[in-house]
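The structure appears right after this line, and notes come after that.
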Number of protein chains: 2
Amino acid sequence: MLRLSTKGQYGVRAMFEIARSISRGPTTIKEISERQDVSVAYLEQILNTLRKAGLISSVRGPGGGYVLSGTPDKISIGAILRELEGPVAITSCLDPREGCLRVDGCVTHLLWKALGENIESFLDDMTLKDLLEGNELMATRRRGRRQPEKIRMLHK
Amino acid sequence: MLRLSTKGQYGVRAMFEIARSISRGPTTIKEISERQDVSVAYLEQILNTLRKAGLISSVRGPGGGYVLSGTPDKISIGAILRELEGPVAITSCLDPREGCLRVDGCVTHLLWKALGENIESFLDDMTLKDLLEGNELMATRRRGRRQPEKIRMLHK
DNA sequence: TAATACTTGACAGAATTACTCAGCTATTAT
DNA sequence: ATAATAGCTGAGTAATTCTGTCAAGTATTA
């Protein structure tokens, strides 16, 4: 239950890949495709959505590719997923694009609302920076580095 | 994103309806259907699943219907949803029925795992009793009753 | 001007969802 | 007994969503 679509998952992984390569300049779709094992054609669709949303910008021509629009700590996982999959909406009642016919008297409405807010704050708190640090941590864990709170959560 | 299927939603509402009518004995599918506005045929399918899971039991023949297998405070929303929609599994990688080919080195694996655990503990903490109290509260709110913590969460 | 790389819209097969339908079995009241 | 009530079960299907592919562009640089 409550599965994320592949589009959202690939989107986060693509953003991670762009973030990871910041020092090397723009990252091409081809590179992302190879490193994250997602087809070029599908990534085109996904990255286009994220570009239109302003999360990344593109550089055309040779040497081109995609770059983050902000620093990794300013780009949340929630923001990425919202663009690719729409807002968190456990039920259609709670989707601002649809709306509810029977909000009053619906016993479960508040339950789903509370769950949705819980999920949303989790996703909005987590950023690309956290993913980068979590990744670095996985590689260097044995050297006993200090683990900040949020990263610890990722390793519970 | 992360929408619950109608099956799960209807299931929770049906269970709520059975819980609400405890004092009046077994609740028939027809009653649930009328009060929650879900077709009899679909409810048969849903309640059958919940019965096989042991969350409710059925009484056949005239005067029959469904009754909860335990007290409302022992039946969690998580338990209901798991039966109708399978385990919380943000990605197929995290579904115990499928499994992951590339757990190691997958940067997002821990992220989805942490989110899934967050959701699961929310759903397992919330019970039918909480829904009943939340409902009662909605009806009597203006009289200024004391609100326990979890119920307050439902009204944030 | 050739090569690189992003851009855009249409489309299609597969999977899942959200149900319906028909016919059955068990229990109780008369 | 038997009629009425009420749950039991499996099959089937229309609609929707998901997960992509494909073709034909446009922009930039060496």
Side-chain angles (χ1 to χ4, degrees), chain A residues 1-11 13-14 18 21 24-34 36-67 69 81 84-86 89-92 95 97-98, chain B residues 1-11 13-14 18 21 24-34 36-67 69 81 84-86 89-92 95 97-98:
Chain A
M1 79 173 109
L2 293 172
R3 191 162 297 190
L4 218 52
S5 77
T6 59
K7 210 165 190 168
Q9 295 175 48
Y10 295 168
R13 277 160 55 192
I18 297 169
S21 310
R24 274 170 288 166
T27 311
T28 66
I29 288 186
K30 198 168 168 234
E31 287 168 334
I32 298 172
S33 169
E34 285 165 357
Q36 290 294 332
D37 196 30
V38 178
S39 83
V40 167
Y42 203 15
L43 281 172
E44 281 172 345
Q45 201 182 109
I46 292 167
L47 294 176
N48 215 270
T49 302
L50 296 175
R51 180 184 57 83
K52 282 176 182 161
L55 295 176
I56 48 179
S57 53
S58 59
V59 181
R60 289 176 148 199
Y66 290 92
V67 290
S69 291
L81 294 179
L84 294 169
E85 305 202 17
I90 306 300
T91 67
S92 61
D95 193 324
R97 299 164 305 183
E98 303 190 37
Chain B
M1 78 173 108
L2 293 173
R3 191 161 296 188
L4 218 53
S5 78
T6 59
K7 209 165 190 170
Q9 296 175 47
Y10 295 168
R13 278 160 55 191
I18 297 169
S21 310
R24 275 171 285 167
T27 310
T28 66
I29 287 186
K30 196 168 169 235
E31 287 168 333
I32 298 172
S33 168
E34 285 164 358
Q36 290 294 332
D37 196 31
V38 178
S39 83
V40 167
Y42 202 15
L43 281 172
E44 280 173 345
Q45 201 183 106
I46 292 167
L47 293 176
N48 217 278
T49 302
L50 295 175
R51 180 185 55 83
K52 281 176 183 160
L55 294 176
I56 48 179
S57 53
S58 59
V59 181
R60 288 177 147 200
Y66 290 92
V67 290
S69 292
L81 294 178
L84 293 169
E85 306 202 16
I90 306 300
T91 66
S92 62
D95 192 325
R97 298 164 304 181
E98 304 190 36

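Numbered from 1 within each chain, the chains take letters A, B, ... in sequence-line order.
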Minimum-distance pair of heavy atoms, taken over all atoms of B/Leu84 and B/Gly11: CD1-CA, 3.6 Å
Under 4.0 angstrom between B/Arg51 side-chain N/O and D/dC8 OP1 or OP2: yes
Backbone N/O of B/Arg24 and side chain of B/Ser21: donor-acceptor pair under 3.5 Å: no
Minimum-distance pair of heavy atoms, taken over all atoms of B/Ser33 and B/Val38: OG-O, 2.7 Å
Boundaries of the DNA chain C segment in contact with chain B, non-hydrogen, under 4.0 Å: C/dA18 to C/dT28
Side-chain donor or acceptor of B/Gln36 paired with backbone N/O of B/Tyr10 under 3.5 Å: no
Main-chain N/O of A/Leu4 paired with A/Gln9 side-chain donor or acceptor, under 3.5 Å: yes
Minimum heavy-atom distance B/Leu47-B/Ile29, with the two atoms named: CD1-CG1, 3.7 Å
Side-chain donor or acceptor of A/Arg3 paired with backbone N/O of B/Ala89 under 3.5 Å: yes
Gap between atoms CD1 and P, on B/Ile32 and D/dA6 respectively (whole Å): 13 Å
Protein-nucleotide distance (B/Lys30, atom NZ; D/dA4, atom P), rounded to Å: 15 Å
Atom-pair distance (CD1 on B/Ile29; P on D/dT9), nearest Å: 12 Å
Spacing between B/Leu43 atom CG and D/dA6 atom P, to the nearest angstrom: 15 Å
Under 4.0 Å protein heavy-atom contacts per nucleotide of nucleotides 15-26 of chain D, with B for base, S for backbone only and - for none: ----BBB----B
Contact summary for B/Glu31 and B/Thr28, nearest pair of heavy atoms: OE1-N, 3.0 Å
